[in-house]
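Each remark here refers to the structure printed beneath this line.
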Amino acid sequence: MDTAAGGSASALPPPSGSTGTGAEAKEDGERGGKPVMVVLIGPPGSGKSTFAEAVLDGSAAGRPWVRVCQDTIGKNKAGTKMQCLKAVADALKEGKSVIVDRCNLEREQRADFVKLGDTLHAGVHALALELPAKVCISRAVSRTGHEGNLQGGTAALVVNRMLQKKETPFLTEGFSRIMFCNDDTDVKKAIELYSALGPLDSLPSGVFGQKRQGPIQVGIMKFLKKADASSVEKSNGPKLKLSERKPGQENPLPKQEKVESGSCSMEAKKELNEKIENEEGAKESGSYDIGYCTLAFPSISTADFQFDLDRASDIIVDTVADCLQKFDNIRLVLVDLSKKSRILSLVKDKAAKKSIDSSKFFTFVGDITQLRSKGSLQCNVIANAANWRLKPGGGGVNAAIFNAAGEALQHATKECADTLRPGNSVVVPVPLTSPLRQQEAVTHNDQPVSVKSASGDSKMKREGGHESERMKKHKLIQPILTKQQHECTGSSAPNYRGNSVGSSDAPNQATKADNKKSGVVTSKSWGTWAQSLYELAMHPDKYKNSDSILEVSDEFVVLKDLYPKAKKHVLVISRTNGLDSLADVKKEHLPLLRKMHSAGVKWAQKFLEEDMSLEFRLGYHSVPSMRQLHLHIVSQDFDSASLKNKKHWNSFTTSFFRDSVDIIEEIEQHGAATTNSDDKVLAMELRCHRCKSAHPNIPKLKSHITNCKSSFPSHLLEKNRLVSSSTEHMDCT
DNA sequence: GTTCTAGAAC
DNA sequence: GTTCTAGAAC
């Protein structure tokens, strides 16, 4: 055993038996000679007092130690945290080292001590007593004559509650050293280490002895069974087989537990005791809810998917009832963000009708990633889909969980669910480093793997069969505006890349400098490739022979998009010099916008004469890639080989696409258009523009949209945002 | 805007 | 192995 006796901080190796490498240790440890504050972190029964007493007794090295114990600080009775803080401050000021003997399981509980130690220039250490819950509970239950009178059945309940709130200590909290003790041997080593710490010695900084938590590859049912079994095993009282329990013997279920885990205050204990006493038979049976598992699961995405809520709620309630029947020591919570959630109220009503124990299953309004911090609801397992949607752009609950849990969970999930098939689930331990674990005490994430888009691969195969795709590419990148070339390529549009045939004055080089020349100051500079529409708008006559140009007026040019993103996709390009994008649009441009809109509607109607199944949207990109204000008229089939990537899709189907009618209205009312310049929307997950289902990639999305028959989201059906054969003509001029 | 391509994902 | 994405270059 290495002790610090006579050793300099930097030369001191980590304690033997430590699984940590001490790699995180600061280069040089803290200076010797200053007092140390050891903040003990552990539930009742974890051996805090044993440690404190042993160090005080065995401190052969001569370092003066003071034990500050909340259970005894009030004239040998339990005191307050304030009293403890004062005692710690007094001791440190006297140059004594202090052992803070209280539970300190939550970060908030220990923060004041850390701060105090820091202020008084003490070395602030954490000693995390991470003994198995079973051991702590067993000891706490069976001990007698405990200082805080926490023993017997009450202790089991208290320990269990506390452990749910446990937050692993981190150096970032302000500790210079954290030592984890995972069993009695570790505790013994810690005792030896601190007992042998001489007045001038110091210990190296860093984290020592932390256990690495491995993934548990079991399904949620197995997990629950496991919790179930261990709870019986842990219980010290008469063991009731869970399935045999009578309703009256069930465990008390906390609605909003108020347990001061740091101090095991007498008030909290009293409150708990009362609860237990009120619970008929609970104390006698000894069936405390050790190993209690609360699983929160998110509501289905009712806004986006058009589920039959009535059926869905039936399924939820049936499944919950089935689950509760099988497992006794679990609690299930359906969570949704809004009070108005219809699925929530349906489920609530149906659960009540089915007489499901409302303490074992209830609905909850709140953010599933902040149940504890914002909702005072302690859940140790949350369920969500574990597919490709668990990523920042994954949308909804997935994105929320990803954001809350960080990448560590994603990695852990991948490790666990790598080969999982749809329809199964896996329990993923939330990594210790994850904020979801640290702040919300969520220890596990149950991830049912949703069945991925089942919309057949036939379309994919067909697309894959397009051998000419590669050829097309080659054709498209060639200059294409001569008659000869038209015939060769079958293409007939101005070339967006600026290789305009017959244009010797290279107007496609127009850039920000040109803008300035024309007296227009815009913040954006345009690449050479982005000049084609500008060039066309300024000199449409040069391209008048192109089949792509449908109409030219003084105010606008109507052009077939060279890379149409749908069966029909045309642009109405303004001819006003200096009007590059929506950002430049002002009230004075309203007549132009209306004319452009009308032209767009006219062309949409023309296309509808050929194919009345088409539906069109007219709108602008919030931030266009190409210079010169242009209105897109795009059919909503999005059936085009040119629609190739996420950006293409999202630029036409998210808030990035601003409907012309809305822009006109905004300019009318505010004189300017609000544009969503946030690039994040373009990186969002791929969702069907009709039914809003999410899809993992473009090919799968495309095969879905060819078959999706859902109606459009309601807001698109308003204000003539969609132009179809059934749309009544609306004249914007 | 597109093309090309490395490398990730499958 | 093939498919798909994302970033650089234009």
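Numbers restart at 1 for each chain; the letters A, B, ... are given by sequence-line order, proteins then strands. None of the values given here were measured: they were computed from a predicted structure.
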Report the residues that fulfil side-chain hydrogen bond (donor to acceptor under 3.5 Å, both in side chains) with [X], sequence neighbours left out, ordered by chain and then residue number.
X: A:Q636; value: none
X: A:D367; value: A:T369
X: A:Q370; value: A:K374
X: A:T168; value: none

For the pair made of [atom1] in [X] and [atom2] in [N], what is the distance, rounded to whole Å?
X: A:K560; N: B:dG1; atom1: NZ; atom2: C1'; result: 19 Å
X: A:N650; N: B:dG1; atom1: CG; atom2: P; result: 13 Å
X: A:E535; N: B:dG1; atom1: CD; atom2: P; result: 18 Å
X: A:N645; N: C:dC4; atom1: CG; atom2: C1'; result: 11 Å
X: A:I698; N: B:dA8; atom1: CD1; atom2: P; result: 21 Å
X: A:K646; N: C:dA6; atom1: NZ; atom2: P; result: 5 Å
X: A:W649; N: C:dC4; atom1: CH2; atom2: C1'; result: 17 Å
X: A:H632; N: B:dG1; atom1: NE2; atom2: P; result: 6 Å

Review point. Are a donor atom and an acceptor atom from the side chains of A:H704 and A:T706 found within less than 3.5 Å of each other?
Key: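 No, A:T706 and A:H704 have no side-chain donor paired with an acceptor closer than 3.5 Å.
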Exercise for review: State whether a side-chain donor-acceptor pair under 3.5 Å links A:S635 with A:E615.
Suggested key: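 Checked: A:S635/A:E615 side chains show no N/O donor-acceptor pair below 3.5 Å.
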**Study point:** Nearest listed nucleotide, side chain of A:N697, among B:dT2, C:dT5, B:dG1
**Key:**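 Between B:dT2, C:dT5, B:dG1, the one nearest the side chain of A:N697 would be C:dT5.
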Check your understanding: From C:dC10, C:dT5, B:dT2, pick the nucleotide closest to the side chain of A:W529?
Key ->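 Nearest nucleotide to the side chain: C:dC10.
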Exercise for review: Output all residues satisfying salt bridge (Lys or Arg N to Asp or Glu O under 4.0 Å) with A:R575, sequence neighbours left out; order by chain, then residue number.
Suggested key: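 With sequence neighbours excluded, A:R575 shows a salt bridge (Lys or Arg N to Asp or Glu O under 4.0 Å) to no residue whatsoever.
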Determine: side-chain N/O of [X] to OP1/OP2 of [N], distance under 4.0 Å, yes or no.
X: A:K644; N: B:dT3; answer: yes
X: A:H648; N: B:dG1; answer: no
X: A:K565; N: B:dT2; answer: yes
X: A:H630; N: B:dG1; answer: no

**Study point:** Dot-bracket notation for DNA chain C, counting Watson-Crick and G-U pairs under 3.5 Å, with | for partners on another strand
**Key:** ||||||||||
